[in-house]
Amino acid sequence: MTVPLLRVEAVEAAYQGSIVALHSVSLEVRTGEIHALLGANGAGKSTTLKAVSNLLPAERGQVTAGRIVFDGHDTGRTSPADLVRLGLVQVLEGRHCFRALTVEENLLTGALGRGARRAEIAGDLARVYAIFPKLEPRRRTLAGLCSGGEQQMAAIGRALMSRPRLLVLDEPSMGLAPLVVRDIFEQLRRLNREQGLAILVAEQNSTVALQYADRATVLDVGTTVLGDDASALRRRADIQSLYFGEGIAGSEATAPVAA
Ligand code: ATP
């Protein structure tokens, strides 16, 4: 059996010392897979991802039990910047872009700290534009003036500029039109299939996530309640009503739409 790229073992986490957000979260991301982290609002998806990238201390949170290992490194003992250098790169919830920078400047920030040469960076930029062709004509546009979908693509593109081995995404579908969501997931799958990029993606939109994922983990009130092949979870109609509330998660028709 191969060693997983990321292992989250019975993690418990709290904010401000007393607000317990995670009770017992366990999951494994294997090399080369797309792994979906599913759950309703407040189930603990974002907290889990922040724990993975060691970003909880920045929000007065901490892992209080369990451990997280990325490629042999205990993430709790590795700075977020070092985790990026090791290949664990996260796109935070909410399409984080530098709104006052152009799209291309946003992408270039992803290459900072890698000490890459100019030719290498130019090659990486070209690859990002090949994955998200809609970004190229917008390269000199301020990110703040771009559509929600373009901002999400720029945020993912910036992460790609850091040359991740594990790309961690927090609700990339949030606030985007269904067609834009599909476009983004199609490109993520292409990156996964063609370049072997492992992806851990938290989503409330379980229908879309399960369509593109290889495996998935379901959280409920800060606890892992299910983990299986995505195909098996797709067949279980009860999952929607059990964990997401009927008609909420996965319903593209009810997803809020942005330009
Ligand atoms: P959402 O889709 O709404 O982001 P989620 O599944 O990502 O939901 P989390 O954001 O991880 O869930 O929240 C898990 C719990 O932790 C919730 O009860 C939430 O109120 C709490 N929480 C999240 N962030 C903080 C914070 N910075 N300080 C205190 N409590 C927090």
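Note that these values count all heavy atoms, side chains included, but never hydrogens, waters or copies made by symmetry. In each ligand, atom 1 is the first atom listed, and ligand 1 is the first ligand listed. Sequence positions, counted from 1, serve as the residue numbers for this chain.
Inside a 4.0 Å radius of atom 2 (O) of ligand 1 there is at least one protein heavy atom. Within the 4.0 angstrom cut-off, atom 23 (C) of ligand 1 has one or more protein heavy-atom neighbours.
The distance from ligand 1 to the heavy atoms of Ala40 drops below 4.0 Å at these ligand atoms: 6 (O). Interface of Thr47 with ligand 1, defined as ligand atoms under 4.0 Å from a residue heavy atom, comprises 9 (P), 11 (O), 13 (O), 14 (C). Which parts of ligand 1 touch Gln204 is read off a 4.0 Å heavy-atom cut-off, strictly below it: atoms 2 (O).
Considering backbone and side-chain atoms together, Ala21 places no N or O closer than 3.5 Å to any N or O of ligand 1. For ligand 1, none of its N or O atoms has an N or O atom of Ile19 under 3.5 Å away. In terms of polar-atom proximity, Thr48 is not counted as a contact of ligand 1, lacking any N or O under 3.5 Å from an N or O of the ligand.
Remark: the backbone N or O of Ala10 is not paired with any side-chain donor or acceptor of Ser24 at under 3.5 angstrom. At distances below 3.5 Å, not a single donor-acceptor pair connects side-chain atoms of Arg163 with backbone N or O atoms of Asp124. A side-chain donor-acceptor contact under 3.5 Å links Gln152 to the backbone of Pro172.
Ranking protein heavy atoms by distance to atom 26 (C) of ligand 1, first place goes to Tyr15 CD2, 3.5 Å. Considering only non-hydrogen protein atoms, atom 4 (O) of ligand 1 sits nearest to Ser46 OG, 3.4 Å. The protein non-hydrogen atom at the shortest distance from atom 27 (N) of ligand 1 is Glu59 OE1, 3.2 Å. Of the protein's non-hydrogen atoms, the one nearest atom 8 (O) of ligand 1 is Gly42 N, 2.7 Å.
A distance of 4.0 Å separates CG in Asp71 from CZ in Arg165, rounded to the nearest 0.5 Å.
Taking 4.0 Å as the cut-off, Gly44 counts as a neighbour of ligand 1 on heavy-atom distance. Judged by the shortest distance from any of its heavy atoms, Ala202 lies outside the 4.0 Å radius around the atoms of ligand 1.
Considering each of Glu171, Lys50, Lys45, Gln16, the one bringing a non-hydrogen atom nearest atom 6 (O) of ligand 1 is Lys45.
Scanning all heavy atoms of the two residues, the minimum distance from Leu197 to Leu166 falls at CD1-N, 4.3 Å. In this structure, Leu108 and Leu125 approach most closely via the heavy-atom pair CD2-CD1, 4.0 Å.
For Leu112, the CG atom sits in a packed shell: over 12 heavy atoms of surrounding residues, nucleotides or ligands are nearer than 6.0 Å.
Heavy atoms of Glu93 found under 4.0 angstrom from ligand 1 belong exclusively to the side chain.
Ile199 and Leu176 fall within the same hydrophobic cluster, where Ile, Leu, Val, Met, Phe, Trp and Tyr residues are linked whenever their side-chain heavy atoms come under 4.5 Å apart, directly or through other members.
We find that Arg215 and Glu28 are not joined by a salt bridge, their nearest charged nitrogen and carboxylate oxygen being 4.0 Å or further apart.
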All N/O donor-acceptor pairs, side-chain side in residues 228-236, below 3.5 Å, sequence neighbours left out:
{"unit_1": "Arg234", "atom_1": "NH1", "unit_2": "Leu210", "atom_2": "O", "d": "2.4"}
{"unit_1": "Arg236", "atom_1": "NE", "unit_2": "Asp238", "atom_2": "OD1", "d": "3.3"}
{"unit_1": "Arg236", "atom_1": "NH2", "unit_2": "Asp238", "atom_2": "OD2", "d": "2.9"}

